[in-house]
Each structure stands twice: as C-alpha cells, then as structure tokens.
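All figures in this text were calculated on a predicted structure; none of them were measured in a lab.
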Amino acid sequence: MAHFEVHITEEDRAEIDGHPLVPEPGQSVHDAVLDRLQQYAQERETAVRATVNEGYDAAYFVLQVHPDGSSRVLDPDEVQNEVPDADLPDLAEPEAPAEPAPRPVSAIATAVSRARARATGPAPAPARADLPTEHAERIARINALATTGRLDEAYAEAGALRESLTGALGADHPDALEARSMEAYLAHLRGDHREATVLALGVARIRCGAGDGQAPAEVARAAAAWQRIDDDRAAFVHGRELLHMWGQLNLRGLLPPADAALVGQVRRHVDALAEYA
C-alpha cells in the first residue's frame, strides 16, 4: 500500500513527501490534504496511507484514505512498516470544480432513507414504483436484517450497496451518499461509533464541498457520532475536521445559528484534547 509523509505547520502550510500543497481559494489545508490523498488513491484504485505530522511538537498519526474519499485514523497495531513510494508523481494542482447543479431526490435515495427510518420507527409507505428492482431488493433485505436485530449482516449489505453505487454512479451521487449515510447509521446501531463517524464525515465532506443545503444537517449527524468516540487521537483528528467544515459553512452563510452551541462544544473538547496531547 502506498504510504506518504504529510507535514502541516502551525501556519497551516502543508507538504506531501516534500512537495508543497497549496489549497484552493476558500479551502482549508486539511481538506486540501484529504483531496490530494484521495487523488492518489483514485490513481492507484486502492486505499493509500499517510503519516500526518501536525505542528512541530504534535504527535503523528496514520491516516488511511480510500478512492471514494472516505478516511479513518488507524490504530497503532494496524500500522505496519511500509516503504514509501519512491516515484511519487509531481502532480499539478487540481482545478476548482464547477458549481454543481441542484440534484433531484432519486428513488434510491428515498428508499434508502425509508429503510434507515425503519430501523427505529414504524414502517413508512412503500418505496416508489420506479425504484430499480435490483436495488429495491437489496434495500428491502437490509431493512429486514436491521429490524430483526441482525445488524452485522445489515451493515455488511449496506457497505456492499454503497460500494456498488459509488462504483457505478460516483461517490457524490445522491444514491451513493444516501447509501453511505445508511451505512453510518447501521455502524452507530452496532456500537461502532468510530466507523459511524468516518462514514458520516464522508457524506458531510462531499455535501459541504458542493455547497449542498443538506450539508449542515450531515455535519451535525457526524458530530453526534463523533461525541461517542473513545479514542482521543481519532476524536482530535475528526473533531478538527468537523470544525473546518463548520468554518466553511459559516463562510458561505450556510451555518444555522442553532448549531453555534454544538460548534462551541466540539471546539472546547478538541482544544482540551490538544492540551492533553
């Protein structure tokens, strides 16, 4: 697995394997690093890892990033000695993406949302008739597994559905996003709050990057999962990402005033973790 060295200074400057990384206008240095690592993963069609050193005195952590943009902090016992790539290409800065057009709510997105709701609430109306049979059957199976308490199987099926939709439609397609959101919810039900946070952050990151009106709600959901993480290092890293997302939403005028208390709570906890480290 390709492994990179990332250095982020206290002045919010970044280098990857010695190559300076310049964020796009309005982009945080952390988002720029994640985007670049995702680009490397997409080129290799597999996950990549990066040892991230943030600040001169900060402890490092190892981040794994997948081609679809999902990422997680690795436990120390997961990290193996790997040789960094010697032939890392000197890539040009990516162009800023065009402003996306509004996307309609699809049949799959609707059905996935209903399936997620069934896990804790009464059964809603049947899914729309134009839902593709293949996906309707998979969603019905996930729903049946979840409602009967077979959460591990439901989670595995949801992950397979998300991977299928991401491969066919792209990670930012509404169907793929809803499938990832359902997978995050099932991870939460299983008690895997770290994975729930990683998955929820993946949804929030894409919606924030697109200026999607649903972005604030997705960030809040990610924060709810984040609050249950019991790993201080992972909580610090993912908490920083939450704060960066809220900062971007605030710059765009998309941060609801009602979220201010949650932002303050997360900021205080992240600051406490930084002092502890």
Given side chains that start at C-beta, do those of His238 and Val198 come closer than 4.5 Å, heavy atoms only? yes
Salt-bridge contact Glu183-Arg180 (side-chain N to carboxylate O under 4.0 Å): no
In terms of side-chain geometry, is the basic nitrogen of Arg141 or Glu157 positioned less than 4.0 Å from the acidic oxygen of its partner? yes
Check: Met182 and Ile142 side chains under 4.5 Å, non-hydrogen atoms: yes
Quick one: pull up CG in Leu186 and OH in Tyr155 and give me the separation to the nearest 0.5 Å. 9.0 Å
Residue pair Ala223 / Leu262: nearest heavy atoms and the distance that separates them: CB-CD2, 4.0 Å
Applying a strict under-4.5 Å side-chain criterion to I, L, V, M, F, W and Y, I'd like to know whether Leu243 and Leu255 cluster together. yes
Tell me, with the steps shown, if Leu145 and Leu151 meet side chain to side chain contact (heavy atoms under 4.5 Å, CB included). CA-CA 6 Å; Leu145 291 170; Leu151 296 177; over 6 Å; no
May I ask you to decide if Asn143's main-chain N or O and Thr147's side chain share a donor-acceptor pair within less than 3.5 Å? yes
Is there a side-chain contact between Val65 and Tyr40, using heavy atoms and a 4.5 Å cut-off? no
Could you tell me whether Glu241 and Arg205 have a side-chain N and a carboxylate O separated by less than 4.0 Å? yes
Which atom pair, heavy atoms only, marks the closest approach of Ala184 to Leu199? CB-CB, 3.6 Å
Give a yes or no on whether a salt bridge exists between Glu15 and Arg36, defined as a side-chain N under 4.0 angstrom from a carboxylate O. no
Tell me, do Thr46 and Pro67 make a side-chain contact under 4.5 Å, heavy atoms counted? no
Evaluate the ring planes of His269 and Trp226, with Trp represented by its six-membered ring, and classify them as parallel (under 30°), tilted (30 to 60°) or perpendicular (over 60°). perpendicular
Using the side chain to side chain contact (heavy atoms under 4.5 Å, CB included) rule, take Arg221 and Tyr185 through it: C-alpha gap first, then chi angles, then the decisive distance, then the call. CA-CA 9 Å; Arg221 291 190 185 100; Tyr185 183 69; over 6 Å; no
Within the side chain of Arg150, is there an N or O that forms a donor-acceptor pair under 3.5 Å with the backbone of Ala146? no
Heavy atoms of Leu177 and Asp172 approach each other most closely as CD1-O, 3.7 Å
As a quick check of understanding, evaluate side chain to side chain contact (heavy atoms under 4.5 Å, CB included) for Leu201 and Met245, giving each step before the final call. CA-CA 9 Å; Leu201 281 171; Met245 288 186 191; 4.0 Å; yes
Minimum heavy-atom separation for Ile229 and Ala235, please, with both atom names. CG2-N, 4.2 Å
Got Leu165 and His173 here, is their nearest side-chain heavy-atom distance under 4.5 Å? no
Would you find a donor on one side and an acceptor on the other, under 3.5 Å apart, between the side chain of Thr197 and the backbone of Ala225? yes
Taking C-beta and beyond as the side chain, do Gln64 and Met1 meet within less than 4.5 Å on heavy atoms? yes
Any donor-acceptor pair under 3.5 Å linking the side chain of Arg252 with the backbone of Cys208? yes
Atom pair CZ/NE2 of Arg228 and His188 - distance to nearest 0.5 Å: 5.0 Å
Expected output: side-chain Asp17 to main-chain Glu5 donor-acceptor under 3.5 Å: yes
Which heavy atom of Ala222 sits nearest a heavy atom of Leu242, and at what distance? CB-CD2, 3.9 Å
Assess whether side chain to side chain contact (heavy atoms under 4.5 Å, CB included) is satisfied between Leu34 and Leu63, documenting all intermediate values. CA-CA 9 Å; Leu34 285 170; Leu63 189 68; 3.7 Å; yes
Return the CZ to NE2 distance between Arg49 and His3, rounded to the nearest 0.5 Å. 8.0 Å
Rounded to the nearest 0.5 Å, how far does NE2 of His19 lie from CZ of Phe4? 10.0 Å
Val33 vs Leu21 side-chain heavy atoms within contact, under 4.5 Å: yes
Distance, nearest 0.5 Å, that separates CZ of Arg240 from CG of Asp271: 9.0 Å
Can you measure from CG (Leu189) to CG (Asp152) and round to the nearest 0.5 angstrom? 11.0 Å
Between Pro216 and Pro256, which heavy-atom pair has the shortest distance, and what is it? CB-CD, 3.7 Å
